[in-house]
Amino acid sequence: QVQLVESGGGLVQAGGSLRLSCTASGSISRINRMDWYRQAPGKQRELVAGITSGAGTNYADSVKGRFTISRDNAKNTVYLQMNSLKPEDTALYYCKVEVRRPFTGISDDYWGQGTQVTVSS
């Protein structure tokens with residue numbers, strides 16, 4: 001029904017930057033909230049950043065001032081610009097998109113498959 005494709009992960013040194021992208025396709029009336037989560041080995045999945053349809057944003061304290069979430073509604077895409085990366089940012093990053101179904105008004109959450117971000121010291 002709805003598919004999410006993530007890209008932009010990779011290996012960088014501490015202090016470097018990456019930009020993650022997540023594009024939704026399929027049966028979409030509109031997208032409400034879009035979020036980025038991450039999960040490191042042995043850790044619980046945590047919310048990194050979120051953005052509403054009105055472009056309101058929220059960030060985990062650990063990434064404030066370093067990460068920026070944005071969206072392109074015409075492309076059904078959410079981005080996560082990650083600057084000043086630290087080794088503790090190393091994790092598998094997942095996007096989650098709240099998609100409103102056509103006609104019914106019901107919204108559903110969809111998860112991407114994850115993109116690996118590795119930050120070396």
In terms of side-chain heavy atoms, does Gln13 have a donor or acceptor partner in Ser120 at a distance below 3.5 Å?
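No, no side-chain donor-acceptor pair sits under 3.5 Å.
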
May I ask you to check whether Ser21 and Thr77 show a side-chain donor-acceptor distance below 3.5 Å?
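Side-chain D/A pair, Ser21 to Thr77: absent.
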
Compute both the distance and the angle, then confirm whether Arg45 meets the cation-pi test with Tyr94: under 6.0 Å from the six-membered ring centre, within 45 degrees of the axis.
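Yes, a cation-pi geometry.
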
Derivation and outcome, side chain to side chain donor-acceptor pair (under 3.5 Å), residues Ser53 and Arg30
CA-CA 9 Å; Ser53 61; Arg30 66 165 290 157; 3.1 Å; yes

Is there a donor-acceptor pair closer than 3.5 Å between any side-chain N or O of [X] and the backbone N or O of [Y]?
| X | Y | answer |
| --- | --- | --- |
| Glu98 | Asn32 | no |
| Gln39 | Leu92 | no |
| Arg66 | Ser84 | yes |

Applying the 4.5 Å side-chain criterion to the ILVMFWY set and letting contacts propagate, would Val97 and Tyr79 be lumped into a single cluster?
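They do not share one cluster, since no chain of ILVMFWY contacts under 4.5 Å joins Val97 to Tyr79.
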
Check the pair Lys86 / Asp89 against salt bridge (charged side-chain N to carboxylate O under 4.0 Å, His left out), numbers first and verdict last.
CA-CA 5 Å; Lys86 304 175 180 179; Asp89 295 318; over 6 Å; no

Looking at Glu88, I want to see if its CD is surrounded by more than 12 non-hydrogen atoms of other residues, nucleotides or ligands under 6.0 Å.
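Atom CD in Glu88 is crowded, with more than 12 foreign heavy atoms closer than 6.0 Å.
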
Between atom [atom1] of [X] and atom [atom2] of [Y], what is the distance when rounded to the nearest 0.5 Å?
| X | Y | atom1 | atom2 | answer |
| --- | --- | --- | --- | --- |
| Met82 | Arg38 | CE | CZ | 9.0 Å |
| Gln1 | Ser27 | CD | OG | 4.5 Å |
| Arg71 | Ile51 | CZ | CD1 | 6.0 Å |
| Gln113 | Leu4 | CD | CG | 9.0 Å |
| Ser25 | Tyr110 | OG | OH | 11.0 Å |
| Thr115 | Leu18 | OG1 | CG | 8.5 Å |

So which atom in [X] and which in [Y] form the shortest heavy-atom distance, rounded to 0.1 Å?
| X | Y | value |
| --- | --- | --- |
| Ala14 | Pro87 | CB-CD, 4.1 Å |
| Asp108 | Arg101 | OD2-NE, 2.6 Å |
| Leu47 | Ala60 | O-CB, 3.5 Å |
| Met34 | Val78 | CE-CB, 3.4 Å |

May I ask you to check whether Phe67 and Trp36 place their ring centers less than 6.0 Å from one another?
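Not under 6.0 Å, so no.
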
Step by step, would you call Val117 with Leu20 a side chain to side chain contact (heavy atoms under 4.5 Å, CB included)?
CA-CA 9 Å; Val117 172; Leu20 307 184; 4.0 Å; yes

Under the rule for side chain to side chain contact (heavy atoms under 4.5 Å, CB included), what residues qualify as partners of Thr90, not counting sequence neighbours?
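Thr90 satisfies side chain to side chain contact (heavy atoms under 4.5 Å, CB included) with Gln116, Thr118, Val119 once adjacent residues are dropped.
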
From the options Tyr59, Tyr37, Tyr93, select the one residue that forms a side-chain contact (heavy atoms from CB on, under 4.5 Å) with Val48.
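When side-chain contact (heavy atoms from CB on, under 4.5 Å) is applied between Val48 and each of Tyr59, Tyr37, Tyr93, only Tyr93 qualifies.
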
With sequence neighbours excluded, give me every disulfide (SG to SG under 2.5 Å) pair touching residues 28-87.
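Found none.
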
Once disulfide (SG to SG under 2.5 Å) is applied, what residue pairs with a partner in residues 67-121 remain, sequence neighbours excluded?
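Pairs touching residues 67-121 that pass the test: Cys22-Cys95.
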
Give the intermediate values and the outcome of side chain to side chain contact (heavy atoms under 4.5 Å, CB included) for residues Leu80 and Thr68.
CA-CA 6 Å; Leu80 185 67; Thr68 303; over 6 Å; no

Side chain to side chain contact (heavy atoms under 4.5 Å, CB included) between Val2 and Ile28: does it pass, once the steps are laid out?
CA-CA 7 Å; Val2 176; Ile28 299 172; 4.3 Å; yes

